[in-house]
Undergrad: 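Right, I'll just put the structure down here and ask away after.
Quick caveat: nothing in here was measured; it's all calculated off a predicted structure. Letters A, B, ... mirror the listed sequences (proteins, then strands); counts begin at 1.
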Amino acid sequence: MLISVIFIPIGVASLLASRDVVEIVDRYETDCIPANYTGDELSFIQDPSSNKTCSRTLTVPKHMKQPIYVYYQLDNFYQNHRRYVKSRNDKQLRSADNANSTSGCDPEDRANGSPIVPCGLIAWSLFNDTYNFSLNNEALTVNTSGISWKSDRDKKFGDNVYPRNFQNGTLIGGKRLDPSRPLSEQEDLIVWMRTAALPTFRKLYGKIEVDLEANSTISVTLENNYNTYSFGGKKKLVLSTTRWLGGKNDFLGIAYLTVGGLCFFLAMAFIVVYLVKPRQLGDPSYLSWNRSPSGH
Amino acid sequence: MASGRPLLLPSPKTPASPYPPRPPFSDLPKPISEQPNPNPNFNPSMDRPIPYSSSKRSGSSRSKASSGRNSIEGSDSSGPITTTVGNIALAGSGFSSSNRRRYGSRGAGSEGLASQREISDEDARLIYINDPEKTNEKFEFAGNSIRTAKYSVITFLPRNLFEQFHRVAYIYFLVIAILNQLPQLAVFGRGASILPLAFVLLVTAIKDGYEDWRRHRSDRIENNRMATVLVNGQFESKKWKNIRVGEIIRVCANDTLPCDMVLLSTSDPTGVAYVQTINLDGESNLKTRYAKQETLSRMPEEGGIEGLIKLEQPNRNIYGFMANMEIDGERFSLGPSNIILRGCEIKNTTWAVGVAVYTGQETKVMLNSSGAPSKRSRLETDMNREIILLSLFLIGLCSIVSTCAGIWLRHHKDELNLLPYYRKRDFSEPEVGNYNYYGLGLEILFTFLMSVIVFQIMIPISLYISMELVRLGQAYFMIQDAKMFDEASNSRFQCRALNINEDLGQIKYIFSDKTGTLTENKMEFQCASIQGVDYNSRKDPLDEQDDHPVIVEGQVLRPKMKVKTNLELLNVLRSGKESEEGHNVYDFFLALAACNTIVPIIVETQESGVRLIDYQGESPDEQALVYAAAAYGFVLIERTSGHIVIDVRGDRQRFDVLGMHEFDSDRKRMSVIVGCPDKTVKLFVKGADSSMFIVIDKSFYSDVIRATETHLHDYSSLGLRTLVVGMRKLSGLEFEEWQSAYEQANNALMGRASLLRAIAVNVESNIRLLGVSAIEDRLQQGVPEAIESLRQAGIKVWVLTGDKQETAISIGYSCKLLTSEMTQIIINSNSKESCRKSLEDAKAMAKKISALSASAINNGDLGSGRVPLALIIDGTSLVYILETELENELFELATGCSVVLCCRVAPLQKAGIVALIKNRTDDMTLAIGDGANDVSMIQMADVGVGISGQEGRQAVMASDFAMGQFRFLVPLLLVHGHWNYQRMGYMILYNFYRNAAFVMILFWYVLYTAFTLTTAINEWSSVLYSVIYTSVPTIVVGVLEKDLTRRTLLKYPQLYGVGHRQECYNSRLFWLTMADTLWQSVVIFYVPYFAYRHGIRDGSIDVSSIGDVWTMAVVILVNLHLAMDIIRWTWLTHAVLWGSIVATCICVIIIDAIPQLPGYWAIFHVVSSGLFWASLLAILVTALIPRFVIKVFIQHIRPCDVQVAREAEKFGNSSESTAVDVEMNTIRRER
């Protein structure tokens, strides 16, 4: 009973919060393949000379208050795969002194005989699609600073560690890094290196710090560089506002309401049982040997 | 001493030549040259009777009641040893192995003796007296230094590790850790995988090392003690460890003996030495040992002793010793009475000199120190069944994972090379190869092994360790229990076996000894029938004043214990010897005072001029009789091996003890031949009625005999222990005949025991009946109540006693074991056929009666209920039943009876009866006893309880639990047993649940990581989960939880049925728990999964963060789960429970504060969002709802006994559900 009293309001509140969140999701990985490459996405994406630019238009369904978070969402990408998760070297990321420590980074530890900084599969496969937003032909600035954890910037990624020998191998996995900027400033890498827990994940791309009116259309010019075609992964662009529970997610609200309701029902049931079949607590006559005359 | 001796006796002289083996005495030509040696020193029949009795004890039952437990007790056990080596953990007894072995050899009977000669020739140990060089020349005998320590500095590490890895659990740990070291399988970092094992090993090693260090220290102290050793004709001080075999050692009064020695001479002119063997077998009374006449007079200082001792190889039988000594060409035999053993103390003897024969590790005390037998509790056996289930479950999980992984790999076969998160192809090396990929088959295998590593805690290894800790705690509380503290003997409850605490909650059968267990074993002389006249104290007013102080050298001697006397009897005594009645009474009491093995010891008191006589003896019955005789004015003052001094109503008289035939279980009587001051030789006999009436001369006084028999019957039906006393005057001729045979038998090298027995049987004939003594053995306090409680609790109490049937039955009545409405089935049979018949009859009768009572119930006549049956069976019948096909019949009959009383049973039969039940049912058995004769039974039963009483400590040493009084069984079983069972059962289930829940969370996650065994939960957290996060509360709860108060449990003994019905731990509960586990793990996993799936402000949650969420959720949940089930809260429970949650937070924070780990700072990011708290609350409540609801409904609709009793306990409190609600509130506050 008590539980239901507590739970139902929480459920309602979180459901409302979730309903408040405005979210725009746009899946683009198939639409951004030129028609002549249909069915042969792999050669398109692997061809460095092909034009990857693609433009999309998004309609804002409701008023979106700033900050509006821009995410990219990958499906079927096992960032939590054991081989992948382990393929990094946190020591190397922290300090320039450890540039040579590439243990655990196999198979992306060294290229052309010298160590890679940052090494490992995770860094190697850095996401490299880019988005440019414009509202009514006026560019919307996307703030890409402050998207990573401050703790990561301060402690985990050294401000004296510069990318070196990165993406110089036979196989290019993803984005190239600006070798003149220290890792602590390369926030897209920092975000990417926080490997997602589930195979479908969103990562923060940046923040739009203006309100968007309802029904306004945003055009997005994107570079479709990242190869998810080899494993049938999906790519989505997500714009979302947030509330206290994070993004749009009805689950908790529904869960609370269900549990609260169930508790209420059970409490009622118990009261009914108690009224129908009362039992005096601690009545010795309920002891088994008092109930059956033959004893046990 | 010769002066007081009757003329008949020749002066002592030793036979001139070594004795050849003798044929039996009957056809022996009367030796002329050899005078019989009257010297009692040379009289092995004075010895403790063990060697002969032990050689034939096995088959024969023996009656305690009938002739007093004449000194036999010891032979039943190889007395477990507590050496003086204070804290050495020797205490364990060597019973398990040594006993078996000895039982076997005992059956061989005198053949064992025959082999003695071979020993002398082949395996003999040759010892040259006072010539250690020569002795040690040929064979290097062990030195006298002892080593109880297990390890040395060098061997410590390998040996300790070896011993530790004897545990399956550790091997499991080790295999997992080794697997984890393979680079392909490295799931955890090296440190994280080894750490728990290393920690446990280290702690155990430190504990073992500390114990061993203490052993080393006490060894050193022991080895460096000083002894006086003869070196070059002079006694010098020497360290114990330097004593060598063959050296002559002198010990003084109250010294502890440094090694096993053969006595050569003592301060006593007759060569007697008294030793206290309390360190050896726990018996506190003094035992007499003798030096051989031949060595007595030789003073070793003068180099007078040279000789050779041939003796058997070292063995652990402390009551057996076989040797020959050869001095100056004379050869004579040595028996157990000539050897004094290491660890004993010399008492009442100024000095004693002996030659060291066994030293150091070869001494009997050291050979007897071995570990206690280990028993495994029922619950643990059941638990192992579920562990196997869990292992199967584990294998199942691993198979699922590896199969799925295989399918996934196959499905993505073409993509693997370039898959950004797999990248099979390795381009970093010059030649492009495969990175970390070994083909599909091997990959599946690796996945399987890795999943075993990841899911390893599915099998709760830590459970074994926590169970040990819990038992330790439970044992502490049992020991501390003031209700089980025996004030009379100032002894606490002892927990000797630490691994069967919870068995105490499931006992179904109790096998109890009678004497000393149900009764106090404090014998008190009650009444006597002399010459057919019943002198019954109960009829007459008591006259307690008239005691007979004896005045010796101005000192008043007074018996230590006062006995109620019978006025009538005293009047008869006062009237003098002249009347026939007076004469008989005189002889009767003289017999009581003389015919025994009691040693009077004079004790000083504070009162000046008054000294007390303390009668020390091995049989409480004899003590009682001697005290009684003293009360009637026949005060035994002095006993040496050759004579006794009795103060007969103020007149000191000296009696020469010419020979003594010790009690043995075949004859069931003992006799002593004394030379009286009036130059007559008398034979006094006392023994069990059955054995005495055979030898009593029935030709005259038939009416007296008949009257005596009537009285005898009356006495035993009152529950008194009776002994028949008789005497015979020996004529000169008879005496001489006896004496020569006796001498020869004594000097025989082989078959001595049987020869002596034959002589005894021969001389104990045509006895004139003197009378019957009756001794009361009072019931212990609270026995009837205890038995009643136990019976209400559904425990069957069987009494196994050596007593007579009548005595047993009357005791049965007085302790309410038998009641008048019971139908008694009595089986006394003398052959197998009659046994079969009576069993069949009894079964038919039992069936009839149960049918009758069943119909009575059907007729609605509930008042009469079932007619309880009582089965009374005696030892002779059991001989024909046990170990034959009739066993089954007996079992069926006995289980149908509510009471079983076995009388006249031998120790091994006791064990046989226990085995009868133990082997045929799953029910738990408990054996309780106090004497050495109960040892076999105590070891046989699932739980053995020893009563630390009057009869030495063998039973205690063999037992798992020891206590002072029978009635302590009630709190032990009903309270502690119930608690322990309930706690342990809950703890095991909880541990299963706790670990399985964690594993299941890992498993669910693996399903979302392409089956690659990524663990979201930090590896350190996984390792610490069962070590720090959740373990302490279970241990504390396992120790402190009390589902009901002591008062309730004692008020309703029926609550004990919980254990019988296995209510706290069974397969159903296991599966329910597992179902609950599944639900809870699903909730823990999926609530965050759905809540975080679409991400938070920073995008989707990362691996470490969601791992932290799960860690926190599972830890808090399992602790709350525990909190929900705790019934009795103490501050410690609170502290530990909430403390663990706090500790978990701290640990998680510390782990996340290490920048080297990928999960750096994750926890702070997680907790800063409301989502975390919302989902945590949702998890906790949702996960616990089913359990809570089911619990409440079951409690309301179908309450179990415990539940009702608990409600009755806190009657007045509001309903159970609100109580739990309050709990939930506190939980919320806590967060």
Undergrad: Taking every heavy-atom pair that is under 4.5 Å apart, which of K203(A), K86(A), K91(A), R94(A) has the most such pairs with chain B?
TA: R94(A)
Undergrad: Taking the side chain as every heavy atom from C-beta outward, state whether D90(A) and P1155(B) have any atom pair closer than 4.5 Å.
TA: no
Undergrad: Would you indicate whether K207(A), at its atom NZ, is surrounded by more than 12 heavy atoms from other residues, nucleotides or ligands within a distance under 6.0 Å?
TA: yes
Undergrad: Identify which of T1015(B), V1087(B), D414(B) forms the greatest number of heavy-atom pairs closer than 4.5 Å to chain A.
TA: V1087(B)
Undergrad: Can you tell if the side chain of F1090(B) reaches within under 4.5 Å of the side chain of L252(A), non-hydrogen atoms only?
TA: no
Undergrad: Looking at L171(A), D152(A), T241(A), V238(A), which one has more heavy-atom pairs under 4.5 Å with chain B than the rest?
TA: L171(A)
Undergrad: Go through the steps to decide whether Y84(A) and T1014(B) satisfy the test side chain to side chain contact (heavy atoms under 4.5 Å, CB included), and finish with yes or no.
TA: CA-CA 10 Å; Y84(A) 189 78; T1014(B) 314; over 6 Å; no
Undergrad: Do the rings of Y421(B) and H81(A) sit parallel, tilted or perpendicular, given the 30° and 60° boundaries?
TA: tilted
Undergrad: Evaluate side chain to side chain contact (heavy atoms under 4.5 Å, CB included) for R1093(B) paired with T200(A), printing each intermediate quantity in order.
TA: CA-CA 8 Å; R1093(B) 191 174 49 161; T200(A) 300; 6.0 Å; no
Undergrad: Flag the one option from V85(A), T258(A), V273(A), I10(A) with the top tally of heavy-atom pairs under 4.5 Å to chain B.
TA: V273(A)
Undergrad: Picking from Y205(A), W124(A), F201(A), which has the most non-hydrogen pairs under 4.5 angstrom with chain B?
TA: W124(A)
Undergrad: Parallel, tilted or perpendicular, judged at 30° and 60°: which one describes the rings of H1165(B) and W149(A)?
TA: parallel
